[in-house]
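Each remark here refers to the structure printed beneath this line.
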Amino acid sequence: MEFAYPAFLWLLLLVPILAYWYYAKRKKKQAVMMVSSVEGLKGLPVSWKVRFRPLLLILRLLAIIALIVALARPQTSNTSESIDSEGIDIVLALDISGSMLAEDLQPNRMEAAKRVAAEFVDKRISDRIGLVVFSGESFTQCPITTDHAVLKNQIMQVKSGMLQDGTAIGMGLATSVDRLRNSHAKSKVIILLTDGVNNTGLIDPLTALEIAKAFKIRVYTIGVGTIGKAPFPMPMSDGSVQTVMQDVQIDEPLMKKISKETGGKYFRATNTNDLKSIYNEIDQLEKTKVEITSYKKFAEHFFPLAMIALGCILLEVVLRYSLFRSLP
């Protein structure tokens, strides 16, 4: 409940002043008769007309209060919003090769990439986002969608070993482009994350780059891995797991070429905090324009109060000139 003209409510301060003025005026008008003693009048009953005569004042004050509140125009509102967004279609291309189990990011590259990607999805409220995974081959884990709960569930189900091992960067990029080629979004973006060098696949990365350029798709590339060597869990013949140090090899020249020629940017993440910062920067670079139009519909409630005021005035007039009629 709100009021269109709340300033009128200050008039309610006049109500106690009017009550005081009425009683003061009534007291002056009372006739006075001097008697020697009132002892003989103490037992006499008080007339019901005398007891209920203040009802006239109560009715008048209620009418004044109702009129003042009606003048303030009490209203209730119903608000609706229309959201118009220039959404961005995004595909997350995630490397799931065996090397993504290296533990230079915590708890490992794979889990860190999944967690940060899910946080990124939460920030892109109005965008359609899809997920492509690749290693020795590529696969669409989730088509572009606005159902981010489903997408996040698919991200969390990703694990190494789902596909033939290897690093087919060209296949991952080409599949991501295929997800976006029929998109009518104003902006189309691929975020490609890998920790290795292209060593397999039916499509060369430079061929996939040309396809991305043809469809005007911007590609952000992320190289994941520390500088030098990284701890990698290696299964042993006896069933145990031993941590060995392996060289980190990322084809940075290729990653930079892909991002530069498509209008994107290359990033290097050597730890989990770096990866979070990279996704935050991409989130800032790819801002979605969202326009929210608010519609507010008001319902007026002054009429019942006006009727209450009119009823109180009519009842007061009727009672004053009938039951509580007094002689001049």
Side-chain angles (χ1 to χ4, degrees), residues 78-96 100 110-135 137-159 162-163 171-194 208 211-222 224 258-259 262-265 267 269 275-297:
N78 182 21
T79 303
S80 60
E81 291 183 343
S82 175
I83 300 177
D84 182 21
S85 64
E86 295 179 358
I88 300 174
D89 283 355
I90 302 173
V91 169
L92 306 176
L94 179 62
D95 186 347
I96 60 169
M100 286 292 287
M110 177 83 69
E111 293 303 316
K114 287 161 55 177
R115 186 166 57 245
V116 176
E119 293 173 358
F120 175 79
V121 169
D122 284 334
K123 298 176 182 178
R124 312 299 299 192
I125 299 173
S126 61
D127 296 327
R128 297 197 308 165
I129 307 177
L131 175 65
V132 168
V133 294
F134 67 93
S135 51
E137 51 190 346
S138 62
F139 174 74
T140 300
Q141 180 77 0
C142 182
I144 53 175
T145 178
T146 56
D147 192 339
H148 292 176
V150 170
L151 174 61
K152 288 172 62 179
N153 184 54
Q154 292 297 314
I155 291 173
M156 291 305 160
Q157 289 184 13
V158 169
K159 59 183 179 180
M162 292 174 59
L163 301 172
M171 292 288 290
L173 179 56
T175 303
S176 300
V177 171
D178 187 56
R179 292 294 92 195
L180 292 171
R181 64 188 177 90
N182 294 322
S183 168
H184 298 291
K186 187 175 182 180
S187 183
K188 294 175 283 188
V189 172
I190 294 172
I191 302 175
L192 189 148
L193 183 148
T194 183
I211 300 173
K213 289 165 60 178
F215 286 102
K216 298 180 180 179
I217 298 172
R218 191 158 45 255
V219 183
Y220 292 93
T221 54
I222 303 174
V224 179
I258 292 173
S259 59
T262 58
K265 190 176 180 180
F267 302 92
L275 190 58
K276 289 181 179 179
S277 298
I278 289 167
Y279 272 95
N280 287 335
E281 184 173 344
I282 296 174
D283 179 53
Q284 294 299 316
L285 290 171
E286 294 294 338
K287 277 298 181 184
T288 302
K289 181 181 178 183
V290 179
E291 292 183 359
I292 300 177
T293 305
S294 180
Y295 302 92
K296 186 174 284 189
K297 184 179 180 180

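Below, all heavy atoms of this structure are taken into account, side chains as well, without hydrogens, waters or symmetry copies.
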List for me each residue that meets salt bridge (charged side-chain N to carboxylate O under 4.0 Å, His left out) alongside [X], sequence neighbours excluded, and say none if there are none.
X    : result
E111 : K114
D178 : R181
R115 : none
R128 : D89

### Message
Between V177 and F215, does the side chain to side chain contact (heavy atoms under 4.5 Å, CB included) criterion hold? Intermediate values first, please.
### Response
CA-CA 8 Å; V177 171; F215 286 102; 3.9 Å; yes
### Query
Out of L94, V219, I282, which one pairs with I191 under the side chain to side chain contact (heavy atoms under 4.5 Å, CB included) rule?
I282
Between [X] and [Y], which heavy-atom pair has the shortest distance, and what is it?
X    : Y    : answer
L275 : V224 : CD1-CG2, 4.5 Å
V116 : K276 : CG2-CG, 3.7 Å
I217 : T262 : O-CB, 3.4 Å
M171 : S138 : O-OG, 3.3 Å
R124 : I129 : CB-CD1, 3.7 Å
G172 : A93  : O-CB, 4.5 Å

Is the closest side-chain heavy-atom distance between [X] and [Y] below 4.5 Å?
X    : Y    : value
V133 : L163 : yes
Y220 : I278 : no
V158 : L131 : yes
R179 : T140 : yes

For the [atom1] atom of [X] and the [atom2] atom of [Y], what is their distance to the nearest 0.5 Å?
X    : Y    : atom1 : atom2 : result
M162 : F139 : CE    : CZ    : 6.5 Å
I90  : L180 : CD1   : CG    : 9.5 Å
Q141 : I96  : CD    : CD1   : 7.5 Å
I258 : T221 : CD1   : OG1   : 6.5 Å
I190 : S259 : CD1   : OG    : 12.5 Å
L151 : M156 : CG    : CE    : 10.0 Å

### Query
For residues 142-153, which residue pairs qualify under side chain to side chain donor-acceptor pair (under 3.5 Å), counting only residues two or more places apart or in two chains?
D122-K152
### Query
L92 and I155: side chain to side chain contact (heavy atoms under 4.5 Å, CB included), yes or no, with the steps?
CA-CA 10 Å; L92 306 176; I155 291 173; 4.3 Å; yes
### Query
Sequence neighbours excluded, which residues qualify as ring pair (Phe, Tyr, Trp, His ring centres under 6.0 Å) partners of F120?
Y279
### Task
List the steps, then state whether side chain to side chain contact (heavy atoms under 4.5 Å, CB included) holds for Q154 with Q157.
CA-CA 5 Å; Q154 292 297 314; Q157 289 184 13; 4.2 Å; yes
### Query
Passes side chain to side chain contact (heavy atoms under 4.5 Å, CB included), D95 versus F134? Steps please.
CA-CA 5 Å; D95 186 347; F134 67 93; 3.7 Å; yes
### Query
So does L285 have more than 12 non-hydrogen atoms from other groups sitting under 6.0 Å from CG?
yes
### Query
Crowded around K123 NZ? As in, over 12 foreign heavy atoms under 6.0 Å?
yes
